Every structure is written in structure tokens, then in C-alpha cells.
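The block underneath contains the structure these notes are about, expressed in C-alpha cells.
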Amino acid sequence: MPELPEVEVVRSGLARHLVGHQISEVDVLHPRAIRKHVAGAKDFQARLAGLTIEAIRRRGKYLWFELDDNQALIGHLGMSGQFLLLPLSAEEEKHLRIRFEFADWPMQLRFVDQRTFGGMSIDELEIDESTGEGVPSTVAHIARDPFDPKFELAPLVTKLRSRHTEIKRLLLDQSVVSGIGNIYADESLWRAGIHPTRLGSSLTKVQLELLMNSAKEVMADALAAGGTSFDDLYVNVNGESGYFERSLAVYGRRGEPCSRCGKPIVRAAFMNRSSHYCPACQRPPRAR
DNA sequence: CATACCGCCTGTTAGC
DNA sequence: TGCTAACAGGCGGTAT
């Protein structure tokens, strides 16, 4: 599942190849892929033709292509989205949703998404007067992620301590801190020795600082592993970096011994999904 | 406002 | 063997 490290691998790979190219033609093959673009597929296609990709940016799990005239093409991979750069002759994927061609480059950018939780839309870039920084309005409600140069730890810790809800919910809430999904939430909590159902308000400043530093650390490790794993002209992220298989401490490891203390890892239902944790290293809160 | 929960999707796997 | 149910889970909308 693409979380911040996987999206960043995609962003940097796309940026390396796509910046400077002019979009000539767009085909939407599945309407659900542009459901957030209310004006529909025809409008989506018409508005992009002729625009040049000037930069590719990311906040949390959202990425966007900066185009001429402060237009932005926003993309979210959802659960199963992929961006592929392929020769025009490459066979069509079963779950191909959107196809882009370029005026000056004989390659296709393809958005492929089996489960259609991902999608793309077009938005005006909103420029902040003081910083000169632009963010599409679709992304305005997303908090800065731990890799953002303007990310600030202290106000985040204060916010977490003010919330009477479970810490894992807060980690997954993209309006609090962005980029973290179920996998890296579980890994961060294990590294920091914090049980996922502890309330934000029950944790100390030091514990929360350790937690956020752990989150950044685990995602940096994943990024380092994933960033080396794709070749020049084929960008493919399905949440599967080499790191994914080798280095996870708790996620997907129910029953296996904790690498710190040897106790079996537990899997528990949480928010219609699951949490993995060590029952000894991550002590549960007292019953409320 | 803060918090909780559901529906959207499809391919794979576990279990009977 | 063949079927069904569970599971994967980010996110936006809605209910409390």
C-alpha cells in the first residue's frame, strides 16, 4: 500500500523523466478515476492538452504536477494506484484508467489502478503570498508531512496531547500529520514502544517526540530501500520496496517473535482493519 | 468542533 | 474440490 515513502519514490521517478514535456493528448478510460473532477472526463482531457509539466510535488500521499498558468494535476494512488512510463507500443494493462501522451516525447504516462481508490483531478494552485509556496486547494486540508522543510515537531506534539482519541487514529489522520498509513503507523508505534490504543492526551511530550522521530526514521529507511529499486524508464510502485518484505518489525508478523523481546506479535482488529504490536514492548492502556 | 463510523472497490487467500 | 467470507485500507461524507 503506497504510503509516503512509496509516493515519494514515484514522485522523484516521474520528475526525473516528465518535467519539461508538453501534454498532447489525454484519455480517460474509467470515469471513477476522475470522480473528484466534477466537470467530467471531456473537460479533464481538454484542459490538459497543450500544458507543460513544470514540476512534480508531493505532500503526504498526494502528489501533483505543476503546469502552466498555476494549474495543477493532482494524483492519489489510493490502495493500488501506479504510474507507469511506457513506450507507445506497450500492451494495455487490464486496469488502465488514464493515459497521457506528449507532443515532444514518444512515451506514455499511464495511471493504472486495480481497486479504483486512487484518482486524479485538476485544480488551481493557491500561492501563499509570504512563502511563494503553492498548494492545490484539493490538498489544502492535508497537514505537512515529517519530510516537509516547514514541518514543525513541537506544535504537532502539543496537538496530539490535546486530543482524547487513540494515538493510532491520530497518526492515520492526514489533517494532523500526513504520509503515514497503517503499515508505518504500526512500525512507528513499535519502535517507540507505544500501544496503538493509548490516548493522545495520556502520552508525554517525550513519548510523542520519540514517536514522531520513529515515524520519520522508519519512513526514511523505507525510502532509502525503495529509492534504489526501480530503473530508468519504468516507474512502478505498488508499495513493494525491498524494504517491505525484509525489514518490517510487526506489520503482517502475527505470531512471530518480537525482535526486541521475543514475545509473539499480536494482531488486533482496529478501525475496520488491523493493528500489529508487541504485547510486552507496547503495554496496553488500562480499561476505560 | 471533535469524534466515530461507513461505503467505496477487486483480487487473493483462508476456511469450511 | 468448490464455494463463501474475510481481508487488504485511504479517504470523504455523514452521523452523533
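Note that the coordinates shown come from a computational prediction; the quantities given were computed from them, not determined experimentally. Throughout, protein chains are lettered first and strands after them, A, B, ... in sequence-line order, and every chain is numbered starting at 1.
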Q. Quick check: are there more than 12 heavy atoms from other residues, nucleotides or ligands sitting under 6.0 Å from CG of A:D104?
A. yes

Q: Among C:dA8, C:dG12, C:dG10, find the nucleotide with the atom closest to the side chain of A:L172.
A: C:dG10

**Q.** Distance, rounded to the nearest Å, where A:I180 contributes CD1 and C:dG10 contributes P
**A.** 11 Å

**Q.** d(CZ, A:R254; C1', C:dA8) in whole Å
**A.** 13 Å

Q) Thinking salt bridges, do A:E187 and A:R191 make one under a 4.0 Å N-O criterion? A) no

Q: Write down the distance between CD1 (A:I74) and P (C:dC11), rounded to a whole number of angstrom.
A: 14 Å

Q: Please check if the side chain of A:R11 supplies one atom and the backbone of A:I56 the other of a donor-acceptor pair under 3.5 Å.
A: yes

(Q) Please verify the inter-ring angle class for A:W105 with A:H17; under 30° counts as parallel, over 60° as perpendicular, anything in between as tilted. (A) parallel

**Q.** Between P of C:dC11 and CD of A:E3, the distance in whole Å
**A.** 9 Å

Q) OP1 or OP2 of C:dA8 less than 4.0 angstrom from a side-chain nitrogen or oxygen of A:S80, does that happen here? A) no

Q: Could you state the atom-to-atom distance from CG of A:L171 to C1' of C:dG10 in whole Å?
A: 15 Å

**Q.** CG-CZ distance between A:L96 and A:F111, expressed to the nearest 0.5 angstrom
**A.** 10.0 Å

Q) Is the shortest side-chain N/O distance from A:Y62 to OP1 or OP2 of C:dG12 below 4.0 Å? A) yes

(Q) Can you tell whether the side chains of A:E209 and A:K216 come within less than 4.0 Å, N to carboxylate O? (A) no

Q) So with a 6.0 Å cut-off around CZ of A:R35, is the heavy-atom count from everything else above 12? A) yes

Q. How close or far is atom C1' of B:dT3 from atom CZ of A:R169, stated in whole angstroms?
A. 8 Å

Q: Starting at atom NE2 of A:H276, determine the distance to atom C1' of C:dA8, rounded to an integer number of angstrom.
A: 10 Å

Q: Have a look at A:F270 and say if it touches a base, only the backbone sugar-phosphate, or nothing, with a 4.0 Å heavy-atom cut-off.
A: nothing

Q) A:T165 has a side chain; which of B:dA4, C:dA8, C:dC11 sits nearest to it? A) B:dA4

Q) Rounded to whole angstrom units, what separation is found between the CD atom of A:Q174 and the C1' atom of C:dG12? A) 12 Å

(Q) If the cut-off is 4.0 Å, is A:K36 near the phosphate of C:dC11, judged by side-chain N/O to OP1 or OP2? (A) no

Q.
Within the 4.0 Å limit for protein heavy atoms, which parts of nucleotides 6-16 of chain B are touched? Write it as a string from 5' to 3', B for base, S for sugar-phosphate only, - for none.
A. S-BBBS-----

